[in-house]
Structures are given as structure tokens and as C-alpha cells.
Amino acid sequence: MSDTFETDMGDESLLLSRRMLMAGGAMLGAAMAMPEMAAAAPIAREEGIPADAAARIAMTRRMRMRADAGPVFWWFRGRNYAQQGANLIPMCDMIFGALMDVRPTADGGLVISQYELAFRTALDSGVRAEKLLNPITGTMVDVPFAPVGPTKVVYNADNVLQLPPTIGGSKFSVEHVPELFFRIGDTVCFQTHSRARAETAGQNDRVLNDMSMICSPAAEALDPKRAFVSATAYGTDVTDYARWWKMPAGLGTQTLRSAGMKVARYADMPEDWRAMVAKADPAMAADPMGVLTRAATTYRN
């Protein structure tokens, strides 16, 4: 297993916990520049979406992050399921938040610092859980306070991702499936799929598949003058169980279905998530962007 990230064609996403959706990356520019792709007939589902590589990179950056320097915040709500064959067994609810600082570089790349924090709750309770019932084993498990980050990632002008060899003490190798673009009436969407393997000393490897559909109003997404575009996202994760579930081997996988949105201010993050942050980490609540200057936390998911 390589200790570096392996990338395929795509544009900008990778996931460590629920949505490191903000960071990711691949070689969309190189892929779209290939003569055989450039000469291909327009794809019906991409009506009005630019085919030019640089324009696509700029559009996805505006939708997922921003084209200028500044903060970006994403949040998601979802429900985790134990998946055994075609059976889905509800396990818990989750609310996730991520903070990012985006800095374009003079050569057309980006430097992004980010911090992710998810809270689990019992089904429909809305209250952060420190213990949860594992519905498969029938035992109570401890739910850790397990932020991911701060992590710094770098993209060059072609959106080729450059990541540190370890994040939070774990090694990650990542594959990206080429993004699919859709025009749906007055909406532009692109579909992402990232597959990551987390290797942590003394623990079993963990595989994480993230599949998202990120959507923005076409009038915003297709406007090159806009640096920050409003966006919503709908996600599905299929992963090995989080290690803290203490799930015996051979009992299927974990699935998450979620929906969320990108906002420009910490104050626009969901009130319940901010309240959980304030209780769990008062220093973060008082100075949200200050978490990006902290030492990296140990990866524990």
C-alpha cells in the first residue's frame, strides 16, 4: 500500500470522516484536454455546461468551495445504517460540520486548510450521544469526540491534489471516479465518487466510499464573475464500520444517507451543531477559524 494518495480523473473531493468533500482532487484538466474527449459530441445531460477544462475547474471550485480567498463552511445531516446484504438497519443520526480556509496561489492552484467535526445522536433524539446502542450486537458503545484535522491540502492549476503522507497519524490512499455533470432545468449538478483506505497502526484498515451530488442554481454556477456560489449536496457513504462501533468482522458495512449545504459564515451553520460545538469545545465556538492553527488531532473514526 502506497503512503501517498493515488488519484484518478475527477475534480476536487475526498472524504476522511463524512465529508472531506471540500478537499479532494484529481486530473480533470488533463482528462478534459485529451483530443478524443475535446472532439466528442456534446453530452445531452450537460446542456449549457462548459466543456473547456479550465472553465469546468473554475465552476466546480465555485460550487464546492470558492474562487477567491476566504472561509467556507459545509454542513450535513444524515442517518447511519448497518447494511447486511440488502437489509438496512438504522443505527444513529449524525450532524456534520466542516470549516475551511481557501487561499488561491499565484500559479492558479489552491491551498486549503480544513477541520471536520461530526456529532452522533440516537435516532430522532437531536441530542449528542456519548454512548449508543449497537443494534447488531445489542451492546452499548462509547462514541468518541473525534474531529478530523486541521488538515492542509494543495492543488496545482490542473487540480492535481497534493496531500501529506499521513493525516492524524493514519495513512490514506484514495481513488477518484471521474465526475459526471448534469443540467437539470435551472440547476447544475455534478456527481462525485471517492474511495479511500485508512491505515492506522494497530487497527484494521477501513475503506470509505463517498458518493455525492453537489447542486447549484445554474445562474450562479455558470457565472464566471461569481467567486462564491450557493450549493446543496446529497450524499451516500458506503464504508466499513467506524471502529468505535466495535462491530465483529463479517457483519456487513455501514451506510450513511445525508443532505446538506455550503454557507459563507459560521453563524449560518445549524444552530444545534453550533450548540454541540459550544458544549464540547468552547474554544472552537469562541474562535471557529482558530481551530485551523491547532496541532492535528489523531484520526479515530
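Count residues from 1 along the sequence.
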Item to complete: For Leu99 and Tyr266, work out which heavy atoms get closest and say how close.
Response: CD2-CD1, 4.4 Å
Discussion item. Testing the basics here: between Gln254 and Ala242, what is the closest heavy-atom pair and its distance to 0.1 Å?
Written reply: OE1-N, 3.1 Å
Practice prompt. Might you point out which heavy atoms bring Pro224 and Arg62 nearest each other, and give the distance in Å?
Written response: CA-NH1, 3.7 Å
Response to the item:
CE of Met261 to OG of Ser216, rounded to nearest 0.5 Å, is 10.0 Å
Worksheet, complete the sentence: Interatomic distance, CG@Asp237 vs CG@Asn209, rounded to 0.5 Å, equals 8.5 Å
Discussion item. Do Leu117 and Val127 land in one hydrophobic cluster if side-chain heavy atoms of ILVMFWY residues count as linked below 4.5 Å?
Written reply: no
Fill in: Min side-chain heavy-atom separation Phe145-Phe119 under 4.5 Å
yes
Item to complete: Verify the ring-centre separation between Phe76 and Trp74: is it less than 6.0 angstrom?
Response: yes
Fill in: Sole candidate of Asp124, Thr121, Thr255 that passes side chain to side chain donor-acceptor pair (under 3.5 Å) when paired with Arg79
Asp124
Response to the item:
Between the CE atom in Met91 and the CZ atom in Arg120, the distance rounded to the nearest 0.5 Å is 10.5 Å
Item to complete: Could you grab the distance from atom CZ of Arg257 to atom CE of Met94, nearest 0.5 Å is fine?
Response: 13.5 Å
Practice prompt. Take Val263 and Trp75, measure what side-chain contact (heavy atoms from CB on, under 4.5 Å) needs, and give me the verdict at the end.
Written response: CA-CA 8 Å; Val263 296; Trp75 63 265; 4.3 Å; yes
Worksheet item: Heavy atoms, side chains only, cut-off 4.5 Å: are Met59 and Ile49 in contact?
Response: yes
Discussion item. I'd like to know if the side chain of Glu220 and the backbone of Arg226 have a donor-acceptor N/O pair within less than 3.5 Å.
Written reply: no
Worksheet item: Out of curiosity, does Ile136 fall in the hydrophobic cluster containing Tyr81 (side-chain heavy atoms, cut-off under 4.5 Å, transitive links)?
Response: no
Response to the item:
On a heavy-atom basis, the closest approach of Ala129 and Leu132 is CB-CD2, 3.7 Å
Item to complete: Search all heavy atoms of Ala264 against all heavy atoms of Pro71 and return the closest pair with its distance.
Response: O-CG, 4.1 Å
Fill in: Donor-acceptor pair, side chain of Asp240 and main chain of Val207, under 3.5 angstrom
yes
Worksheet item: How about Asp107: does its CG atom have over 12 heavy atoms from other parts shown lying under 6.0 Å from it?
Response: yes
Worksheet item: Is there a side-chain contact between Leu88 and Gln83, using heavy atoms and a 4.5 Å cut-off?
Response: yes
Item to complete: Please answer: with hydrophobic residues joined when any side-chain heavy atoms are less than 4.5 Å apart, are Met63 and Phe182 in the same cluster?
Response: no
Worksheet item: Would a hydrophobic clustering, with Ile, Leu, Val, Met, Phe, Trp and Tyr connected at side-chain separations under 4.5 Å, put Tyr241 with Ile89?
Response: yes
Worksheet item: Any salt bridge between Lys152 and Asp101, counting N to O under 4.0 Å?
Response: no
Item to complete: In sequence, state the C-alpha distance, the side-chain angles, and the governing distance for Asp272 and Arg77, and then conclude on side-chain contact (heavy atoms from CB on, under 4.5 Å).
Response: CA-CA 11 Å; Asp272 57 342; Arg77 294 186 189 277; 2.8 Å; yes
Practice prompt. Determine whether Tyr234 and Cys189 make a side-chain contact, defined as any pair of heavy atoms from C-beta on separated by less than 4.5 Å.
Written response: no
Discussion item. Tell me whether Leu251 shares a hydrophobic cluster with Trp245, the cluster being built from Ile, Leu, Val, Met, Phe, Trp, Tyr side chains joined at under 4.5 Å.
Written reply: yes
Item to complete: Keeping the roles fixed (side chain from Lys262, backbone from Val229), state whether a donor-acceptor pair exists under 3.5 Å.
Response: yes
Practice prompt. Quick one: do Met213 and Leu180 satisfy side-chain contact (heavy atoms from CB on, under 4.5 Å)? Show the steps, please.
Written response: CA-CA 9 Å; Met213 184 73 78; Leu180 298 178; over 6 Å; no
Worksheet item: Can you list the steps and then say if Met65 with Gln114 is a side-chain contact (heavy atoms from CB on, under 4.5 Å)?
Response: CA-CA 11 Å; Met65 297 175 295; Gln114 62 190 46; over 6 Å; no
Item to complete: Report yes if the side chains of Leu222 and Pro50 come closer than 4.5 Å at any heavy-atom pair, otherwise no.
Response: yes
Worksheet item: Between Arg66 and Asp68, is there a side-chain N and carboxylate O pair less than 4.0 Å apart?
Response: yes
Worksheet item: Does Asn134 reach the side chain of Lys246, with side-chain heavy atoms less than 4.5 Å apart?
Response: no
Worksheet item: Just checking, is any N or O donor in the side chain of Thr200 or Arg243 under 3.5 Å from an acceptor N or O on the other one?
Response: yes
Discussion item. Are the side chains of Thr60 and Phe181 in contact, using a 4.5 Å heavy-atom criterion?
Written reply: yes
Discussion item. To check you understand the geometry: which heavy-atom pair defines the closest contact between Val72 and Arg64, and what is its length?
Written reply: CG1-O, 4.3 Å
Response to the item:
Value for CD (Glu46) from CZ (Arg56), rounded to nearest 0.5 Å, stands at 4.0 Å
Worksheet item: Should we count CD of Gln84 as having more than 12 external heavy atoms under 6.0 Å?
Response: yes
Item to complete: Mind checking the OG1-CG spacing from Thr105 to Leu110? Nearest 0.5 Å is all I need.
Response: 6.5 Å
Worksheet item: If we only count heavy atoms from C-beta on, is the Tyr155 to Ile112 side-chain gap below 4.5 Å?
Response: yes
